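Report on the structure given below.
What you see is a predicted model; the values in this text were computed from it and never measured. Numbered from 1 within each chain, the chains take letters A, B, ... in sequence-line order.
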Number of protein chains: 2
Amino acid sequence: MEERIECCDEHRVHPEIVTHVKLDMPDEERLYDLAELFKVFGDSTRVRILYVLFESEMCVCDLAELLGMTQSAISHQLRVLKQAKLVRARREGKTVFYFLADDHVRTIIGQGMEHLCE
Amino acid sequence: MEERIECCDEHRVHPEIVTHVKLDMPDEERLYDLAELFKVFGDSTRVRILYVLFESEMCVCDLAELLGMTQSAISHQLRVLKQAKLVRARREGKTVFYFLADDHVRTIIGQGMEHLCE
DNA sequence: TCAACATATGAACAGTTGTTCATATGTTTG
DNA sequence: CAAACATATGAACAACTGTTCATATGTTGA
């Protein structure tokens, strides 16, 4: 802990800060999960689906038509979104309606948009 | 616009809503950029780098040592982060210090963490 | 200017991801 | 129950991504 692997010989950053940072870091696993979550936002098909669901819950085939993609592709992506707990599903007869799971989705996407616009 | 490609024959979602959603959607390009932005957050090495930079600006080799990765790997990822304008760099002699570009990064990661914890 | 050091970068490779196609599951209606 | 329809899923393939290795660039001090 006190000894460091050879790297830069002169450390501008104090060892205290490095130690402090190490203590403050969440577990590897938690950070891995966080990256996995953002990975879900990192695909334009899925972002588009989420944007649609901002307005209204919708069934798979309407999503497919709206986004100009096959039912299969949309269904695969909805599964990813569902596993990440970003959307939930509600069955009504033959059709399944998907809707946003909670408001973090809006906030996260909103902040992303803000970042793009600055 | 009024005519729809054959899909579900009975539409539970009113055509008005579909039209409304279409109008409210940002451009393809914007949504693509948004997904690209989140893609940057979607890697645990990059998330870890960002977390470290929450605490303090840091040089490449310190980051490499802290995260137990090669200098090259870190440097490649810093470039990605820089291109996305999530971090900025400051040169001081031989060493280059990287730091967070703005506070959206904190908010976005914070919201992501919140989502995981619910 | 040259050696030593910190960082950046290009090529290559393995691992991952999104779509398509074919098909399976599940639901309603006759 | 069978047909029709909406959705889900598995396999396969192309495209993309992150790391490594080798090397280049840029900076300092002798």
Side-chain angles (χ1 to χ4, degrees), chain A residues 4-13 31-32 35-50 53 57-84 87-99, chain B residues 4-13 31-32 35-50 53 57-84 87-99:
Chain A
R4 305 188 62 202
I5 291 153
E6 222 48 64
C7 181
C8 348
D9 279 346
E10 274 188 57
H11 301 294
R12 321 285 169 114
V13 175
L31 291 172
Y32 181 81
E36 288 302 300
L37 174 63
F38 285 123
K39 222 171 265 182
V40 176
F41 288 95
D43 172 80
S44 60
T45 299
R46 288 191 292 264
V47 167
R48 284 159 76 218
I49 291 175
L50 293 174
L53 299 184
E57 66 172 8
M58 208 158 293
C59 69
V60 181
C61 75
D62 275 349
L63 278 166
E65 194 252 323
L66 213 82
L67 303 181
M69 301 189 66
T70 66
Q71 174 270 320
S72 179
I74 297 294
S75 189
H76 277 297
Q77 299 299 11
L78 283 169
R79 184 155 65 118
V80 175
L81 290 167
K82 202 160 121 185
Q83 279 169 346
V87 306
R88 287 166 57 204
R90 172 174 78 76
R91 177 151 228 146
E92 196 173 295
K94 279 181 288 192
T95 65
V96 176
F97 287 93
Y98 281 86
F99 53 96
Chain B
R4 304 189 63 201
I5 291 153
E6 221 48 64
C7 181
C8 348
D9 279 346
E10 274 187 56
H11 301 295
R12 324 284 170 115
V13 175
L31 290 172
Y32 180 82
E36 288 302 301
L37 174 63
F38 285 123
K39 221 170 266 181
V40 177
F41 288 95
D43 172 80
S44 60
T45 299
R46 288 191 293 265
V47 167
R48 284 159 76 217
I49 291 175
L50 293 174
L53 299 184
E57 67 173 9
M58 209 158 293
C59 69
V60 181
C61 75
D62 275 348
L63 277 166
E65 194 253 322
L66 214 83
L67 304 182
M69 301 188 66
T70 66
Q71 174 270 320
S72 179
I74 296 294
S75 189
H76 277 297
Q77 299 299 11
L78 283 169
R79 185 155 65 119
V80 175
L81 290 167
K82 201 160 122 185
Q83 278 169 346
V87 306
R88 288 165 58 204
R90 172 175 77 76
R91 177 151 230 146
E92 196 173 296
K94 280 180 287 192
T95 66
V96 177
F97 288 92
Y98 281 87
F99 53 95

Write out a two-atom table: protein N or O, nucleotide N or O from nucleotides 16-18 of chain C, distance below 3.5 Å.
unit_1	atom_1	unit_2	atom_2	d
C/dG18	OP1	A/R46	NH1	3.0
C/dG18	OP1	A/R46	NH2	2.7
C/dG18	OP2	A/R46	NH1	3.4

Sugar-phosphate, base or nothing in reach of B/S75, heavy atoms under 4.0 Å: base
Donor-acceptor contact present, side-chain B/R46 to main-chain A/A35, <3.5 Å: no
Value in whole Å for how far the C1' atom of C/dT9 lies from CD of B/Q83: 12 Å
Any donor-acceptor N/O pair under 3.5 Å between D/dA8 base and A/Q71 side chain: yes
Whole angstrom value for the distance that separates C1' of D/dT7 from CD1 of A/I74: 12 Å
Contacts of B/R91 that satisfy salt bridge (Lys or Arg N to Asp or Glu O under 4.0 Å) - sequence neighbours left out: none
Aromatic plane relationship, B/F38 with A/F38 - under 30° parallel, 30 to 60° tilted, over 60° perpendicular: parallel
Phosphate contact (D/dT7 OP1 or OP2) by A/R91 side-chain N/O below 4.0 Å: no
Flag side-chain contact, heavy atom, 4.5 Å: B/R48 against B/M69: yes
Sugar-phosphate only, base, or nothing, as touched by B/S72 at under 4.0 Å among non-hydrogen atoms: base
Spacing between A/F97 atom CZ and C/dT27 atom P, to the nearest angstrom: 15 Å
Minimum-distance nucleotide to B/K94 side chain [options: D/dG26, D/dA8, C/dT9]: D/dG26
A/H76 aromatic ring stacked with six-membered ring of C/dT19, 5.5 Å and 30°: no
Note, B/E65 side chain near B/C61 side chain (heavy atom, < 4.5 Å): no
B/Y98 side chain near C/dA6 phosphate (N/O to OP1/OP2, under 4.0 Å): no
Whole angstrom value for the distance that separates P of C/dT7 from CD1 of B/I49: 13 Å
Beyond-backbone contact of A/L78 with A/L63, side-chain heavy atoms, under 4.5 angstrom: yes
Short side-chain N/O contact from B/T70 to OP1 or OP2 of D/dT20, under 4.0 Å: yes
d(CD, B/E65; P, C/dA6) in whole Å: 13 Å
CZ (B/R88) with more than 12 external heavy atoms under 6.0 Å: no
Separation of atom NZ in A/K82 from atom P in D/dA8, rounded to whole Å: 6 Å
B/L67 CG - D/dT20 C1' separation (whole Å): 17 Å
Nearest-angstrom distance from the residue atom CG of B/L81 to C1' of C/dA8: 15 Å
